[in-house]
Amino acid sequence: MKRLDEIEWDAFSRLPIEDKKPYLERKEGDGLPFHTLFAQQFDRGALERLCALASRIRFINKSREGALYLKSILAHKRAMLYFSQPSSRTFLSHLAACQILGMTTGSVRDAATSSEFKGESHEDSIRTFSSYFDMIIMRSPVQGLAEKMAWELSNSFRPVPILNAGSGKDQHPTQALLDIYTLVRSFEEKGGIDGRTVVFCGDLMRGRTVRSLSWLLTDFRDVKQIFVAPRELQVSADVVMNLAKKGVDFEVTDDLRAAVRTADAVYMTRIQDEWDSAKGESAKIDTSRFKFGAEELSLLGPDGVIMHPLPRRDEIATCCDRDPRAKYWRQMRNGMWIRAALIAATFGYEKEIMDCGY
Ligand code: CP
């Protein structure tokens, strides 16, 4: 068992992501994370356990008695939601997940309202939050900040867990968990995820959800990944190299309609123009062929699913919303259940919830 307080930051930060995983696990060594920073921390076994726990929590929560039982699970814990980047779903679903488990919460949603505005460093801010709370759920535009903070806290007197709720352009691990949970639920009675074809479309270069989900899909057998985007926004080399290294079948193309014909799942994403290096840069790119509308819907098979991490702009036409294959609303709600499962598991309550009598 490796410990994050036994390695210097410089050495830890230079490790390949896969080699960081053991340092981030719960001390019980049960295969689940203490700090959740990267999608790469979750192997298939961990995914299956978390999805089962999410479904169990979803079921228990249906009855008043069950909901009250769940509320007792973490009534003795407090969570800090530190979001220095805009968010609706990730913030609210983590908040709701904490509420389901009975946690009390605090939040900072704008660094300008915290003492960071007075020049306090990120490190000191996080140390401050950890003085009052038992878990920090954080979103930041700064790539790698969640990782640095996890190391800082593990080397402090209050080593509380960090959940990365989106960092820079690189990772959004809990989004990938809810995406996998949505695929698991969608194909539950149709043979599962193995052997499926998943099409990613939109801004694949800067969409952190795509990078995280692409990785998790490699935990499944024979899942083909097709990346559809304008040349300027195509998926980045690290994603492609990971798939090539693992021998995963993948395709890079600009033909959405051809891809939809072969798809089991289509994962649409919006143009992430908040990352533009020059104002109006994205608006110069022709994205007209990278939208899902009535024509694309007619090409998708009867068991196909349409997903989107949301928020959307016009990349999925609203005429698709009522089609049973449109799973993006369910996907959003699944986020609450899988995040409740992750939080409960982080604190070691997986077995108790799975075995409870509700
Ligand atoms: N999918 C997602 O991260 O949405 P928000 O930005 O609204 O949290």
Side-chain angles (χ1 to χ4, degrees), residues 36-39 42 50 54 79-100 105 107-111 135-143 145-146 162-186 198 200-217 229 233 235 265-276 282 292 305-316 318 320-321 326-343:
T36 294
L37 306 179
F38 315 112
F42 299 93
L50 284 175
M80 173 68 190
L81 289 97
Y82 171 48
F83 277 59
S84 56
Q85 245 190 335
S87 168
S88 297
R89 279 147 286 272
T90 313
F91 179 85
L92 291 172
S93 60
H94 273 110
L95 181 66
C98 290
Q99 289 168 342
I100 288 167
T105 57
S107 65
V108 166
R109 299 204 64 178
D110 179 353
M135 165 176 271
I136 296 171
I137 301 164
M138 62 179 284
R139 168 174 285 194
S140 168
V142 182
Q143 187 161 331
L145 185 63
I162 294 265
L163 292 197
N164 178 3
S167 58
K169 286 176 268 186
D170 56 330
Q171 284 273 350
H172 197 345
T174 65
Q175 175 73 43
L177 292 178
L178 77 89
D179 294 336
I180 288 291
Y181 186 44
T182 301
L183 289 167
V184 165
R185 289 191 67 196
S186 299
V198 177
F200 294 95
C201 178
D203 187 343
L204 308 184
M205 187 178 65
R206 302 176 292 188
R208 56 195 174 194
T209 65
V210 171
R211 170 174 279 100
S212 293
L213 179 56
S214 170
W215 183 280
L216 284 195
L217 285 171
L233 301 175
V235 70
V266 182
Y267 191 97
M268 298 298 298
T269 64
R270 75 177 166 85
I271 303 304
Q272 309 256 323
D273 48 17
E274 66 270 36
W275 299 108
D276 280 0
S282 296
F292 196 101
V305 301
I306 312 158
M307 295 168 64
H308 194 308
L310 303 176
R312 76 170 155 189
R313 290 180 183 165
D314 62 352
E315 56 279 350
I316 299 181
T318 52
C320 302
D321 289 2
K327 301 292 184 198
Y328 28 96
W329 309 121
R330 171 177 280 197
Q331 185 183 353
M332 190 161 67
R333 188 162 166 84
N334 284 340
M336 179 176 74
W337 302 121
I338 200 82
R339 284 166 174 142
L342 178 64
I343 293 168

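In each ligand, atom 1 is the first atom listed, and ligand 1 is the first ligand listed. Nothing here was measured: the structure is a model prediction, and the numbers come from that model.
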ask   = Rounded to the nearest 0.5 Å, what separation is found between the CE atom of Met332 and the CG atom of Leu310?
value = 6.0 Å
query = Between Arg139 and His172, is any side-chain donor less than 3.5 angstrom from a side-chain acceptor?
reply = yes
Residue-ligand contact His172/ligand 1, heavy atom below 4.0 Å = yes
task = Applying side chain to side chain donor-acceptor pair (under 3.5 Å) between His308 and each of Gln331, Lys327, Glu315, report the one that passes.
result = Glu315
inquiry  = For ligand 1, which is the ligand I care about here, please tell me if Leu310 has any N or O atom under 3.5 Å from one of the ligand's N or O atoms.
reply    = yes
message = Quick check: do Gln175 and Ser212 have side-chain heavy atoms less than 4.5 Å from each other?
response = no
request  = Could you pull out, from Arg139, Arg208, Gln175, the option with a heavy atom nearest to atom 6 (O) of ligand 1?
outcome  = Arg139
ask   = If you count the non-hydrogen atoms of other residues, nucleotides and ligands that lie under 6.0 Å from CZ in Arg313, is the total more than 12?
value = yes
task = Say whether Pro309, considering both its backbone and side-chain N or O atoms, lies within less than 3.5 Å of an N or O atom on ligand 1.
result = yes
query = What atoms of ligand 1 come closer than 4.0 angstrom to any heavy atom of Ser88?
reply = 5 (P), 7 (O), 8 (O)
